[in-house]
Amino acid sequence: MAAESPPVPPVRFGIIGCANIARKVSRAILLSPNSTIVAVGSRSLEKAAAFAKDNGFPESARAYGSYDAVLADPEVDAVYVPLPTSLHLRWAVSAARKRKHLLLEKPVALNVGELDEILAACESSGVQYMDATMWMHHPRTAEMKAFLSDSQRFGQLKAVHSIFSYNSGPDFLKNDVRVKPDLDALGALGDIGWYCIRAILWAADYTLPKTVTALSSAEFNEAGVNLSCGASLIFHDGQIATFYCSFLSNLTMEISLLGENGYLRVHDFVIPFQENVGAFYASANTKFAELSIGIEPAPIEHLVRTDVPQEALMVEEFSSLVRKVKENGLEEIEKFWAIISRKTQLVLDAVKASMEKGFQPVEVVY
């Protein structure tokens, strides 16, 4: 009888920073079958140790009182970076130069110039990059894409509209890092507009729009940080898209997609209402019923179940990519995630530029 192959060791994560979102991703790393946590760093050793204890880290996980210490740990294969966006360039580049594979929280950078520096560091060091846009990894996303790709049921994409908003409350609007110009200067556009832009690009097979025009209804705080905004995107083939994001409106996470033969809507694309199931609604070849007293056929609700949450699926996919690179070398680096990150950042930059130019159209150039 042939000897059994030894078990594949898990990808060992270090976490740089103890932001609230890091609690969710820490849980995901521990739920994923091919990853574990070996280190966490904060500016305070006490805070890092408390974070590890409160979030059920393995007893062997090390707490450090600096980010540099995590990057210097030889047992760390990959790092998750949930720091404020203004710190991403420094610490993402530092991680890549230490040959740590990089799972980077979104928005990934303040602008595409910074992102290009991060991606160049990853490429030169031979490390895998992925942005932490979790909904991309839910099995519902693939099923929705299959519907959009069906020429009979959906046909050519004509229009997309996306909304992501939440009413954050006065304490958030006064104190959260996402409204501080020195920490997260992109505000709502970066924090939640990123999702809307990614949804539009995903629907369009990552074709970039020709022009982007921010809507003049944008709102800002006294420090000039964006609290709500919207934009229209015009594509070369005539397709149109719009989005709205806000820290000032009720929690909403919608995508609506209109095709020549069909229609798709999802009400919770960022975070499913239920962790183990995601729903979407699809209509195909819809007509008015006789006397126009209804429509037929009625929209169909599709329920897509998953045994593990989307953030754990994200970690599992990232860890699988890291394992391939570790085993087979640089030719195994998956560049898809870097490409779509850069395209998302380009559109985000164009929206910001349009607002700064008095809501004039801005051309998007790759």
Side-chain angles (χ1 to χ4, degrees), residues 2-41 51-63 70 73-82 95 99-106 122 126-145 270-278 303-338 340:
E4 291 186 6
S5 299
V8 177
V11 170
R12 301 167 297 179
F13 272 84
I15 298 174
I16 296 180
C18 300
N20 190 52
I21 188 64
R23 296 174 56 215
K24 183 175 185 176
V25 176
S26 296
R27 173 176 177 257
I29 294 169
L30 297 176
L31 284 173
S32 172
N34 58 352
S35 60
T36 191
I37 300 171
V38 298
V40 59
F51 186 87
K53 180 180 179 181
D54 292 346
N55 290 281
F57 285 17
E59 290 187 5
S60 58
R62 293 169 291 284
V70 176
D73 189 325
E75 293 190 14
V76 171
D77 300 314
V79 292
Y80 167 60
V81 180
R99 300 193 183 281
K100 309 300 185 184
H101 301 275
L102 181 63
L103 180 61
L104 185 59
E105 194 52 62
K106 36 57 50 194
C122 289
V127 298
Q128 180 65 54
Y129 164 92
M130 181 184 283
D131 66 55
T133 309
M134 300 171 189
W135 73 269
M136 300 286 297
H137 304 270
H138 196 290
R140 172 177 63 179
T141 303
E143 289 208 19
M144 292 192 297
K145 193 62 173 178
V270 179
I271 300 172
F273 295 150
Q274 300 178 60
E275 189 173 63
N276 65 343
V277 61
L303 298 176
V304 184
R305 301 188 182 278
T306 178
D307 293 331
V308 293
Q310 59 184 14
E311 56 271 18
L313 294 172
M314 173 187 72
V315 171
E316 183 176 359
E317 180 167 358
F318 175 74
S319 298
S320 294
L321 294 174
V322 169
R323 177 56 56 194
K324 288 180 181 179
V325 176
K326 287 172 69 69
E327 291 177 350
N328 302 317
L330 302 186
E331 65 274 7
E332 289 292 337
I333 289 178
E334 175 57 73
K335 295 183 178 180
F336 169 77
W337 299 104
I340 66 170

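None of these values were measured; they are calculated from a predicted model.
With sequence neighbours excluded, the residues forming a side chain to side chain contact (heavy atoms under 4.5 Å, CB included) with Pro272 are His138, Arg140, Asp268, Gln310, listed by chain and number. Take Tyr129 and apply the ring-ring contact (aromatic ring centres under 6.0 Å, His included) test, not counting sequence neighbours, and it matches no residue. Residues that satisfy the salt bridge (charged side-chain N to carboxylate O under 4.0 Å, His left out) test with Lys106, not counting sequence neighbours, are Asp191. With sequence neighbours excluded, the residues that form a side chain to side chain donor-acceptor pair (under 3.5 Å) with Thr133 are Asp131, Trp194. Residues meeting the ring-ring contact (aromatic ring centres under 6.0 Å, His included) test with His137, sequence neighbours left out: Trp337. Asn328 meets the side chain to side chain donor-acceptor pair (under 3.5 Å) test with no other residue; sequence neighbours excluded. Partners of Lys326 according to the side chain to side chain contact (heavy atoms under 4.5 Å, CB included) rule, which considers only residues two or more places apart in sequence or in another chain, are Asp77, His101, Val322, Arg323. A search for side chain to side chain contact (heavy atoms under 4.5 Å, CB included) contacts involving Val38 returns Arg12, Thr36, Arg62, Val76, not counting sequence neighbours. Every residue was checked against the ring-ring contact (aromatic ring centres under 6.0 Å, His included) condition with Phe273, not counting sequence neighbours, and none meets it. Looking at residues two or more places apart in sequence or on another chain, you find no side chain to side chain donor-acceptor pair (under 3.5 Å) involving Lys324. Not a single ring-ring contact (aromatic ring centres under 6.0 Å, His included) links Tyr80 to another residue, sequence neighbours left out.
Annotation: the span from Ile340 atom CD1 to Lys335 atom NZ amounts to 15.5 Å, rounded to 0.5 Å. Note that OG of Ser60 and CD of Glu75 are 8.5 Å apart. Values are rounded to the nearest 0.5 Å. Between the CZ atom in Phe57 and the CD1 atom in Ile37 there is a gap of 4.0 Å [rounded to 0.5 Å]. One distance of note links OG of Ser319 with CD of Gln128; it measures 10.5 Å at 0.5 Å rounding.
Taking the side chain as every heavy atom from C-beta outward, Thr306 and Leu313 approach each other to under 4.5 Å. Looking at Glu332 and Glu327, their side chains never come closer than 4.5 Å, going by heavy atoms from C-beta outward. Considering only heavy atoms from C-beta on, Met130 stays 4.5 Å or farther from Leu104 through its side chain. Side-chain contact check for Ser32 versus Val308: every heavy-atom pair is 4.5 Å or farther apart. Contact check for Ser35 versus Ile29: side-chain heavy atoms found under the 4.5 Å cut-off. A 4.5 Å side-chain heavy-atom check between Lys24 and Asn55 finds every atom pair outside the cut-off.
Of all heavy-atom pairs spanning Pro82 and Gly17, the tightest one is CG-O, 3.8 Å.
In this structure, Glu334 contributes its side chain and Phe336 its backbone to a donor-acceptor pair below 3.5 Å.
Among residue pairs with one or both ends in residues 307-316, those qualifying as salt bridge (Lys or Arg N to Asp or Glu O under 4.0 Å) are Arg27-Glu311; sequence neighbours excluded.
Across Val315, Val40, Val79, a single residue satisfies side-chain contact (heavy atoms from CB on, under 4.5 Å) together with Phe13, and that is Val315.
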